[in-house]
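One-based numbering, in listed order, for ligands and for the atoms of each.
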Amino acid sequence: MWRVAGQEQAVRHLRVSFQQGRLSHAYMLVGPPQVGKGALALDLARLLNCLAVEDGTPCDACNQCRRIAAGNHADVRVIGLGQGVEGGPQRREIGIGAVRLVSSQAHLKPYEGANRVFIFEDAELLSEEAANALLKTLEEPPPQTTLILVTSQEDRLLPTIRSRCRRVELRLLSRDETVGYLEEARQVEREEAERLAHLCGGRIGWALSALDSPQLMERRISELDRLISLLDAGVEQRFHAAGDLAALYYRERKEAVEALEVWLTWWRDLMLTREGAGEWVYNQEYRQSLEERGGGYSSRQITDHINAILDTLRGLERNVNPRVSLEALTLSLPKAAGPRQG
Ligand SMILES: [Zn+2]
């Protein structure tokens, strides 16, 4: 079986390629965060090593499949944050060391399986030097080796890298797919599955983490509450909040970025609410407050602020001063202009 949730098109592509003996030696799995790119990469690794492939599908039961799924197969390596990533919170990248290791191992015969598979998570974090080194391996692919680059920001990869990989796109899951998966694969009760499907907006990975870690839900709620209180707040409170966020950024960069992403969902929800599409909002618990506030902002104010958040996120990636950019962002939070605007 394929463990990835949904993604029929991507799965069909890999199945057919396998059956026709036309799998590529290099793949780039692209798509929004948390839609299953990592899961599909491991599915492909199982397909390449499974001892009992049937109908272009790994069996999920042989010792190869089981060891890959459990993360302890000697020929399947995942390179991502935490492995081979150099630098502190200000400078995160996959460095040349990790790629050199891959290049040297790629030429060895597999130890225990039929194929060596190297999976680069967040491949957009490859440093330029590392990407250029990887290019050499992509240009002269060793036999029995497959490279899988996983990214949600493919435009940040070198064009020369992109052109040497076969691109497979993953999409946001539909609400029905999410509910179905949670019910079948995780035995989640219908009502809870529907609630998570509402909240995750097609990102099954988010729903699964929320299921496994209720803190994620709590963080989301507290971020939304912070945002809403700031809308009515004065300059001093906004400065204070920017300081808190900057401190969080230095302590736990990922959490601070997630906080801004949560803010983004709220503004997007506000836009949907204004357009009468309340049932599509991410943050269903906030539907009433979105209805109440929706009329106070113009579409222009909302899109401008969505762009301001996106600019801030891009700035943080480029290592601008977090405190200064977060202050600019919180100070630019638009105030509701009163009755419904055009
Ligand atoms: Zn198998």
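Judged purely by distance below 3.5 Å, without hydrogens or angles, the side chains of Glu177 and Gln7 never pair a donor atom with an acceptor atom. Under the 3.5 Å distance criterion, with hydrogens and angles disregarded, a donor-acceptor pair is assigned to the side chains of Arg220 and Asn283. In this model, no donor atom of one side chain and acceptor atom of the other lie less than 3.5 Å apart for Tyr181 and Asp176.
Checked by atom type and distance alone, the side chain of Thr312 never pairs as donor or acceptor with a backbone atom of Leu310 at under 3.5 Å. For Arg164 (side chain) and Glu139 (main-chain N/O), no donor-acceptor pair under 3.5 Å exists by modelled atom type.
Side-chain contact between Val30 and Leu170: absent, with no pair of heavy atoms (C-beta onward) separated by less than 4.5 Å.
Only protein N, O or S atoms were considered, and those under 2.8 Å from the Zn ion (ligand 1) are Cys50 SG, Cys59 SG, Cys62 SG, Cys65 SG.
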